[in-house]
> 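Just passing along the structure, written as structure tokens.
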Amino acid sequence: MSQTITVQHGDARAQLEEGATAIQALKALEAVRGQIVAARVTTPDGASLQWDLDREVPDGAQVAPIPADSEEGRAILRHSVAHVMAQAVTDLFPGAKWAIGPPVEDGFYYDFDVERPFTASDLERIEARMKELLKEKQSFVREEVTREQALEEFADQPYKREIIELVDEGTIVSNVDAGPGEGEAGDGPPTFTVYRNVRPDGSVAWSDLCRGPHVPGTDRVPAFTLLRSAGAYWRGREDQPMLQRIYGTAWESRKALKQHLTMLEEAKKRDHRKLGRELELVHFPEELGPGLSLFLPHGALVRKQMEDWIRDETLRRGYQPVYTPHVAKEDLWQLSGHLENYAELMFPGMEVEGAAYRLKPMNCPFHIMAFTSRTRSYRELPIRISELGTVYRYERSGVVNGMLRARGFTQDDSHIFCRQDQVVDEVAGCVEFARDLYRAFGLGEPSRVAISTRPEKSIAGHDDKWKAAEQALIDAVAKTGLAYEIDEGEGAFYGPKIDIHARDAIGREWQLTTVQVDFNLPERFDISYVGEDGAKHRPFMVHRALFGSIERFFAVMLESFNGAFPTWLAPVQAVVVPVAPDFDGYATEVADRLREVGARVEVDVADETLGNKIRRAQTSKVPYALVVGGDEAEAGTVAVRPYQGSQRKDVAVGEFSKELAAEIATR
RNA sequence: GCCGAGGUAGCUCAGCUGGCAAGAGCAGCCGUCUUGUAAACGGCAGGUCACGGGUUCGAGUCCCGUCCUCGGCUCCA
């Protein structure tokens with residue numbers, strides 16, 4: 001006799017024969033809308049799991065669809081495509097060993113151990129082979145196996161065997177490339193799942209150790225493309241073999257794929273190194289060395305606006321500016337512990353009059369020196385020392401990237417010395433400050449706030465001290481009302497931290513602000529303040545950089561605005577364009593009048609056609625081109641041609657100057 | 001640092017499998033033209049083909065090394 005089971009979706013219920021699959025349940029529950037790739041099943045005991053559509057659902061389960069166009073759905077789709085790619089590589093490169101192939105943001109990758117690195121034409125061949133495999137309409141079939149069966153099946157796949165062993169020893173509890181799915185790690189010996197790609201005729205084309213779930217079949221892959229290949233260390237560790245990684249992306253529709261590829265193109269066009277050169281903002285002469293850049297006059301004007309903003313705001317918020325040197329004796333770095341913990345990121349020393357000196361990789365020790373310049377009273381706290389401090393870090397040659405990852409950069413750095421009972425308010429103040437900064441620079445609200453806890457390699461401080469500091473950070477963020485997530489073990493070696501991210505105009509996320517508690521340095525420098533009780537107490541030290549790095553933030557602004565800075569930030573806010581040399585005089589007059597209200601204005605007096613000058617104004621992305629000729633000179637007006645939007649003729653100079661001044665004041 | 005791809009004028013690029021003279025457009029400079037909303041016309045100048053070795057009758061082109069750039073790994077502001 002056949003048993004029946006009950007499934008639910010929200011308030012909907014359905015009775016099904018025992019053995020019914022997730023897709024049958026969803027259909028019975030009338031929960032299928034659009035393309036779905038898998039299901040989410042909540043079992044009666046409360047476990048919520050991703051579930052293959054063709055997998056049997058348990059009695060009493062809540063079943064929900066995972067749509068193809070959700071982030072969760074895309075990840076499943078992408079991971080499925082990664083399997084197809086691995087199958088294609090196995091076909092084309094006999095003997096290839098495959099490692100892991102997880103979905104990542106906007107795509108997927110799979111790592112292979114092959115005889116030689118992949119070439120561009122290999123990628124084309126692999127992609128072509130993948131398209132053939134998709135046409136074969138293979139099904140993804142889930143199978144549970146024991147540890148022994150898994151080890152036997154993947155006997156010639158050393159990386160898979162290693163994953164199985166890692167699961168055994170608990171190093172990996174659940175991994176997309178290993179055994180039981182999320183929440184399935186129950187009692188008893190670990191079980192593993194294998195996904196087989198089965199052809200319509202029932203033959204097995206390829207199998208992989210995998211947690212799943214997957215789309216039901218290869219015909220359910222609407223759009224994908226391979227992007228690039230690169231070397232990657234197995235398990236991300238330098239002491240491990242280097243594998244060959246192929247990156248690709250897959251989407252729920254051709255349209256979505258195309259949009260994503262367009263976004264990548266757009267990002268490439270906006271590259272700050274490209275725009276920085278074209279707009280003559282920054283320069284990376286090879287003569288300086290890798291990771292070192294300089295601001296050209298126009299870039300410097302943008303930077304000055306950023307610096308003015310942060311200087312004004314720090315003053316307004318009770319920070320005390322200081323200036324400190326770029327080098328200091330090695331003894332200082334010995335005392336601070338940098339030579340012990342940070343030496344590999346410091347430039348080598350230099351010797352002067354028998355003493356060893358080092359370029360500073362951080363500003364903290366100097367700010368501590370500012371604090372300890374005299375005895376401090378509890379009445380003074382919090383003391384907020386701030387500086388635009390340029391630091392130098394010996395980044396490894398393969399990692400430098402324009403202004404985003406440099407060897408010399410300037411932090412809007414502050415160290416706040418306070419009592420324990422002030423930490424939460426001070427940290428919350430930093431987070432609010434960052435929020436105001438993002439708003440002012442057009443980035444909107446933070447996209448992500450991550451609190452990082454104690455890492456394995458950490459120093460100083462007892463566990464309870466770390467815990468207290470971590471809690472203080474959590475309380476501080478909670479106070480601001482922002483959502484946050486916890487990154488376990490991602491803190492700095494000297495204390496827990498908050499990283500704040502923002503999204504730019506084309507949706508990319510950037511890590512900008514960092515707020516960190518440091519209880520290493522106060523100990524090492526043995527700093528103290530005199531309390532109400534007349535005794536010495538150790539202050540808390542909060543380190544924070546809101547821009548993060550001025551150079552990096554500048555690059556983010558440049559890319560986000562695509563070089564068309566808002567008027568208050570723009571290096572040149574208006575360019576006056578005379579229609580003919582006869583009107584150069586009037587143009588200069590107009591420029592002078594605008595400069596009187598503080599605007600940055602240039603006059604294009606070149607002996608060129610008007611069309612050419614307009615073009616130059618447009619390509620240089622100046623917010624306003626002001627065209628002047630006979631009519632304007634006579635009437636005391638300008639023809640306003642904004643970078644974006646339509647032109648307005650016969651605007652009185654006085655009127656425009658008021659408008660411009662008002663716009664500049666919106667910073 | 002590791003894996004891969006590259007480095008030809010200030011910029012963007014062409015120079016095929018080594019062969020009679022290293023090119024174009026833009027930018028620059030000099031002229032001509034005197035201009036109403038995204039490129040007027042002509043001319044000139046500009047390169048030890050990243051650098052150093054090697055193979056060859058002959059190297060921008062092939063080989064080796066170094067430096068630098070790019071995409072990743074690792075890391076990170």
Side-chain angles (χ1 to χ4, degrees), chain A residues 104 109 111 114 116-120 122-123 227-247 268 271 273-274 277-278 280 283-291 344-345 361-363 389-391 393-413 490 492 497 499-500 510-514 516 543-556 577-584 606-620 625-632 639-641 643 646-647 649:
Chain A
V104 290
Y109 66 80
D111 286 345
V114 281
R116 57 166 178 83
F118 295 111
T119 63
D122 288 340
L123 258 56
L227 295 170
R228 66 177 74 87
S229 66
Y233 296 109
W234 166 234
R235 298 176 62 202
R237 284 172 24 187
E238 289 180 30
D239 57 352
Q240 297 287 331
M242 179 154 286
L243 306 176
Q244 295 303 318
R245 173 172 299 180
I246 301 177
Y247 283 93
K268 210 173 163 187
D271 189 301
R273 292 163 297 201
K274 181 175 180 281
R277 182 174 54 235
E278 287 171 359
E280 295 183 27
H283 192 205
F284 303 90
E286 291 193 0
E287 289 85 342
L288 299 191
E344 71 277 10
L345 277 167
M362 295 187 190
N363 301 301
T390 304
V391 296
R393 298 185 186 173
Y394 175 55
E395 295 288 352
R396 297 205 285 175
S397 62
V399 308
V400 295
N401 176 278
M403 306 190 109
L404 296 175
R405 187 79 182 274
R407 283 186 176 166
F409 60 95
T410 306
Q411 298 179 304
D412 62 310
D413 208 359
E490 294 296 313
K497 62 173 181 174
D499 288 324
I500 310 181
W510 302 92
Q511 201 262 97
L512 302 166
T513 300
T514 184
Q516 315 181 341
H543 163 110
R544 85 8 25 154
L546 305 183
F547 283 126
S549 136
I550 302 277
E551 287 82 352
R552 196 244 244 310
F553 197 95
F554 172 88
V556 171
V577 179
V579 302
D582 285 352
F583 309 107
D584 285 358
D607 183 14
E608 302 271 4
T609 57
L610 176 62
N612 197 225
K613 289 193 222 181
I614 293 291
R615 179 171 188 276
R616 189 156 46 218
Q618 203 64 20
T619 54
S620 64
L626 307 173
V627 180
V628 297
D631 302 343
E632 287 79 10
V640 183
R641 190 187 208 280
Y643 175 69
S646 50
Q647 73 159 320
K649 289 196 166 170

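For clarity, every value in this text was computed on a predicted model and none was experimentally measured.
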> For Phe118(A) and rG4(B), is the gap between ring centres under 5.5 Å while the planes differ by less than 30°?
no

> With the criterion being N/O to N/O and under 3.5 Å, what pairs connect the protein with nucleotides 62-69 of chain B, and how long is each?
{"residue": "rC68(B)", "atom": "O2'", "partner": "Glu286(A)", "partner atom": "OE1", "Å": "3.3"}
{"residue": "rC68(B)", "atom": "O2'", "partner": "Glu286(A)", "partner atom": "OE2", "Å": "2.5"}

> Give Gly231(A) one of three labels, base, sugar-phosphate or nothing, depending on what nucleic acid heavy atoms sit under 4.0 Å from its own.
base

> With sequence neighbours excluded, tell me which residues meet salt bridge (charged side-chain N to carboxylate O under 4.0 Å, His left out) with Glu608(A).
none

> Over all strands shown, is Gly629(A) touching base, sugar-phosphate only, or nothing at heavy-atom distances under 4.0 angstrom?
base

> Can you sort out the partners of Arg273(A) under salt bridge (charged side-chain N to carboxylate O under 4.0 Å, His left out), two or more places apart, ordered by chain and number?
Asp271(A)

> Which pairs, protein N/O on one side and nucleotides 39-44 of chain B N/O on the other, fall under 3.5 Å?
{"residue": "rA39(B)", "atom": "O4'", "partner": "Asn612(A)", "partner atom": "ND2", "Å": "3.1"}
{"residue": "rA39(B)", "atom": "N7", "partner": "Arg615(A)", "partner atom": "NE", "Å": "3.4"}
{"residue": "rA39(B)", "atom": "N6", "partner": "Arg615(A)", "partner atom": "NH2", "Å": "2.8"}
{"residue": "rA39(B)", "atom": "N1", "partner": "Arg615(A)", "partner atom": "NH2", "Å": "3.4"}
{"residue": "rA40(B)", "atom": "OP1", "partner": "Thr609(A)", "partner atom": "OG1", "Å": "3.2"}
{"residue": "rA40(B)", "atom": "OP2", "partner": "Thr609(A)", "partner atom": "OG1", "Å": "2.5"}

> Checking all strands, does Gln511(A) fall into the base, sugar-phosphate, or nothing category for heavy-atom contacts under 4.0 angstrom?
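Result for Gln511(A) = sugar-phosphate.
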
> At under 4.0 Å between heavy atoms, what does Pro117(A) touch on the DNA or RNA strands: base, sugar-phosphate, or nothing?
sugar-phosphate

> Rounding to an integer number of angstrom, what distance separates rG18(B) and rA9(B) when you compare their C1' atoms?
23 Å

> Look at all strands and tell whether Gln244(A) reaches a base, only sugar-phosphate, or nothing, counting heavy atoms closer than 4.0 Å.
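Sugar-phosphate: the residue Gln244(A), judged by heavy atoms under 4.0 Å, touches backbone atoms but no base.
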
> Regarding Arg641(A), tell me which of base, sugar-phosphate or nothing describes its non-hydrogen contacts under 4.0 Å with the strands shown.
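Here Arg641(A) touches the bases of the nucleic acid.
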
> When the P atoms of rA22(B) and rU48(B) are considered, how many whole Å apart are they?
13 Å

> With a 4.5 Å cut-off on side-chain heavy atoms, are His543(A) and Asp413(A) touching?
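They are in side-chain contact.
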
> Counting any heavy atom closer than 4.0 Å, what does Ala639(A) reach on the DNA or RNA strands: base, sugar-phosphate only, or nothing?
base

> If pairs are Watson-Crick or G-U with both distances under 3.5 Å, what is the dot-bracket string of RNA chain B, marking crossing pairs with [ ] and pairs to another strand with |?
(((((((..((((.....[...)))).(((((.......))))).....(((((..]....))))))))))))....

> Can a salt bridge be assigned to the pair Asp631(A) and Lys649(A) using a cut-off of 4.0 Å between side-chain N and carboxylate O?
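Salt bridge absent between Asp631(A) and Lys649(A).
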
> Between Tyr109(A) and rG71(B), does any side-chain N or O lie under 4.0 Å from OP1 or OP2?
no

> So what does Asn401(A) hit on the nucleic acid, given a heavy-atom distance under 4.0 Å: a base, only sugar-phosphate, or nothing?
sugar-phosphate

> Applying salt bridge (charged side-chain N to carboxylate O under 4.0 Å, His left out), name anything that partners Glu238(A), two or more places apart in sequence or on another chain.
Arg396(A)

> Rounded to whole angstrom units, what separation is found between the CD atom of Gln618(A) and the P atom of rA38(B)?
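Rounded to whole Å, this separation is 8 Å.
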
